[in-house]
Amino acid sequence: MANSKYQCAKSFEMDDEVMAPNIIVVRIGGRNFDKFSEVHEFTKPNDEQALKLMNACAKAVLEENGFHEIAFAYGFSDEYSFVFKKDTEFYQRRGSKILSLIVSLFTSKYVEKWKEFFPQKDIRYPPSFHSRVVSCASLEVLQSYLTWRQKDCHDKNQYATCFWELIRRREYDREKANGILKNTQKQQKHDLLFKEFEINYKELPDIFRQGSFVLKQEVEEITKYGIDGTPVKRMRRKVTTVHSKNVTSRSFWSTHPYLLKELGEFEGDICKIKPEFMKSFQFENKLLPSTWIVIRIDGCHFHKFSDIHDFEKPNDTNALNLMNSCAMAVVEEFNDVVFAYGVSDEYSFVLKKDSQFYGRRPSEIVSVITSFFTSVYVMKWKECFLLTKLKLSPYFDGRAICYPSKEILLDYLAWRQVDCHINNQYNTCFWMLVKSGMTKNKAQEYLKGTQTQEKNKLLNRFGIDYNTLPIMFRQGSSVFWGMEESTTNEMEGVPGISVKKVVVDYINIIDKSFWYDHPHILGE
Ligand SMILES: Nc1nc2c(ncn2[C@@H]2O[C@H](COP(=O)(O)OP(=O)(O)OP(=O)(O)O)[C@@H](O)[C@H]2O)c(=O)[nH]1
Ligand SMILES: [Mg+2]
Ligand SMILES: [Mg+2]
């Protein structure tokens with residue numbers, strides 16, 4: 001990010017480090033998965049394929065390059081908790097960075113792997129997830145957290161199994177089934193299943209009752225054979241999915257001793273869920289009221305991602321168009337997002353000042369927008385890159401920043417646009433030099449300390465007038481709801497039709513005149 005007079009806007013960005021020695025857990029959960037499972041006709045109460053897809057995504061996250069700091073994961077239904085090694089320095093332990101990266105990568109995998117698990121079904125719309133950080137002060141607290149989640153898995157599954165049997169076999173409607181089950185104890189539900197429907201709950205598949213653990217188990221592997229033919233073995237960590245009855249018991253931890261190496265030892269007794277722990281698991285802070293919220297997302301390792309997919313240098317029109325159509329989908333999906341500005345692999349989304357979106361909880365807002373954006377990116381990839389297959393999973397990080405006044409918000413946007421201009425001019429020169437035969441190091445050296453004028457002159461030498469380059473490259477892209485247009489058919493006197501639609505435009509947002517001409521965007 002280059003220097004400019006607007007960069008004071010940067011000082012509004014806050015640190016959100018999860019302090020050591022807390023163990024970092026990131027829990028993700030499907031957003032509106034009730035509807036998603038309905039639309040995609042998931043089997044009730046458990047769709048084994050859908051659960052296996054969740055497990056495959058969790059496994060893929062643990063196996064992803066750069067994500068080896070995750071010790072293990074536990075999930076059921078549409079949720080998954082990722083537990084980091086106790087001493088991890090993953091992204092300097094920054095909460096929103098970590099929760100957004102995990103949810104984004106998971107979403108990317110979910111869309112990519114959909115066809116493997118549902119070959120007969122098209123994914124009808126982009127699925128998205130939310131995520132949050134839970135910090136566990138000790139291994140005992142972590143174990144208590146996992147016990148809570150596994151109990152939830154069990155309770156929800158037992159309830160849902162009864163509920164759907166009542167609906168299917170007794171032809172009850174939802175209200176009546178809920179009425180019957182209200183306030184029933186575990187044993188009563190157990191009896192209902194056994195006596196009325198001949199179902200022994202304990203015999204239902206483990207994956208439904210216990211959820212799934214994704215672990216890096218130590219396995220012995222033959223690496224080569226000696227001259228005399230004897231196998232040479234070594235221990236290797238392999239990501240596997242297991243179902244385990246009771247995370248509350250010591251036996252779970254003694255069966256998986258390698259976990260204790262990464263998470264520390266138990267100091268006290270394995271304990272029950274304490275109310276004060278529950279409070280901490282559910283606590284979430286809120287962003288300042290009456291401030292403009294900006295969610296900025298940025299592609300992770302897009303340098304490599306763009307190389308592997310042969311993006312045009314320095315600007316790839318298809319890649320930028322794809323970013324823009326994802327941003328348009330975000331603006332359409334989330335009413336509170338009133339403006340978006342994007343350049344390269346980043347996008348900033350502005351939420352209206354008095355937005356109550358997710359109660360202004362930053363994890364929810366950051367994760368849902370990042371996840372939805374990622375989902376659309378994978379789903380629309382083929383539309384923008386007809387001939388290039390997706391070879392890596394794209395994922396983004398996200399953060400929330402609050403701006404107390406419209407002036408500072410506009411300074412922020414101006415800062416991003418100045419950055420776009422400086423980077424684009426630099427990159428255009430850099431790649432012209434490289435294409436003309438200079439090494440990358442030489443080109444970098446050559447451009448060091450050069451001013452705008454000198455860069456323009458350099459481009460002129462290559463026959464390029466900077467100001468005639470595509471405006472999308474020079475100004476970045478702005479996405480917003482276009483004003484209602486009224487089309488009247490005067491000849492026939494037909495009344496006008498009002499259309500309000502999301503548009504992408506390449507405008508100067510540093511110049512205040514855009515904002516004066518479009519007062520509806522930020523509201524007066
Ligand atoms: N060739 C090409 N590369 C692009 C384009 N858009 C983005 N990129 C690449 O994406 C990078 C984005 O910069 P950064 O976000 O700072 O770098 P990053 O590699 O994503 O690293 P992190 O964001 O820190 O994970 C650029 O440096 C380019 O390498 C494009 O249109 N064409
Ligand atoms: Mg990036
Ligand atoms: Mg970037």
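Values in this document were obtained by computation on a predicted structure and should not be read as measured data. Along the sequence shown, the residues carry numbers beginning at 1. Ligands are counted one by one from 1 in listed order, and the atoms in each one are counted from 1 as well.
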More than 12 non-hydrogen atoms from neighbouring residues, nucleotides or ligands closer than 6.0 Å to NZ on K391, yes or no?
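Buried by this count: over 12 neighbours within 6.0 Å.
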Using 30° and 60° as the class boundaries, would you call the ring planes of W415 and Y412 parallel, tilted or perpendicular?
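Ring orientation, 0 to 90° scale: perpendicular.
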How are the rings of F385 and W381 set relative to one another: parallel (under 30°), tilted (30 to 60°) or perpendicular (over 60°)?
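Answer is parallel, since the angle falls under 30°.
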I'd like to check which ligand 1 atoms, numbered from 1 as shown, lie under 4.0 Å from a non-hydrogen atom of [X].
| X | value |
| --- | --- |
| S306 | 2 (C), 3 (N), 4 (C), 8 (N), 9 (C), 29 (O) |
| C300 | 25 (O) |
| G299 | 20 (O), 22 (P), 23 (O), 25 (O) |
| K313 | 1 (N) |

Would you verify that at least one protein heavy atom lies under 4.0 Å from atom 10 (O) of ligand 1, or report that none does?
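Within 4.0 Å of atom 10 (O) of ligand 1, protein heavy atoms are found.
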Would a 4.0 Å cut-off, counted as strictly less than, catch a protein heavy atom around atom 19 (O) of ligand 1?
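Within 4.0 Å: yes, protein heavy atom nearby.
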What do you reckon, does P314 have a nitrogen or oxygen under 3.5 Å from a nitrogen or oxygen of ligand 1?
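Checking ligand 1 against P314, an N or O pair does fall under 3.5 Å apart.
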Under 3.5 Å between any N/O of F302 and any N/O of ligand 1: does that happen in this structure?
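Yes, there is a polar N/O contact under 3.5 Å.
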For [atom], closest protein heavy-atom neighbour:
| atom | result |
| --- | --- |
| atom 31 (O) of ligand 1 | D316 N, 2.7 Å |
| atom 13 (O) of ligand 1 | D345 OD1, 4.0 Å |
| atom 25 (O) of ligand 1 | H301 N, 2.7 Å |
| atom 26 (C) of ligand 1 | S344 OG, 4.4 Å |

How about D345: does one of its N, O or S atoms come closer than 2.8 Å to the Mg ion (ligand 3)?
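Under 2.8 Å: D345 contacts the Mg ion (ligand 3) through an N, O or S atom.
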Which atom, counting only N, O or S, brings D298 closest to the Mg ion (ligand 3)?
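Answer by atom name: OD2.
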Can you name the residues that form a side-chain hydrogen bond (donor to acceptor under 3.5 Å, both in side chains) with S131, not counting sequence neighbours?
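side-chain hydrogen bond (donor to acceptor under 3.5 Å, both in side chains) list for S131, sorted by chain: empty.
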Proximity of D298 to ligand 1 by residue part, where a heavy atom lies under 4.0 Å:
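It is the side chain that gets close, since no backbone atom is under 4.0 Å.
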Under 6.0 Å from the six-membered ring centre of Y395 and within 45° of its axis: does the NZ or CZ of K109 meet both?
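The answer is no; the distance or angle limit is not met.
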With S393, the side-chain hydrogen bond (donor to acceptor under 3.5 Å, both in side chains) member among E64, K113, E112:
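Checked E64, K113, E112 against S393; only one passes side-chain hydrogen bond (donor to acceptor under 3.5 Å, both in side chains): E112.
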Please determine whether a side-chain nitrogen of the Lys or Arg among [X] and [Y] lies less than 4.0 Å from a carboxylate oxygen of the Asp or Glu.
| X | Y | answer |
| --- | --- | --- |
| R132 | E364 | no |
| E69 | K86 | no |
| D411 | K5 | no |

Main-chain N/O of N318 paired with D316 side-chain donor or acceptor, under 3.5 Å:
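Yes.
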Regarding G299, does it place an N, O or S atom less than 2.8 Å from the Mg ion (ligand 2)?
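Of the N, O and S atoms in G299, at least one lies under 2.8 Å from the Mg ion (ligand 2), which means yes.
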When you measure from atom 29 (O) of ligand 1 to each heavy atom in K304, H303, E312, which option holds the nearest one?
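Considering heavy atoms of K304, H303, E312, the nearest to atom 29 (O) of ligand 1 sits in H303.
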For D152, salt bridge (charged side-chain N to carboxylate O under 4.0 Å, His left out) partners two or more places apart
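Testing D152 for salt bridge (charged side-chain N to carboxylate O under 4.0 Å, His left out), a comparison that skips the adjacent residues, returns R149, K156.
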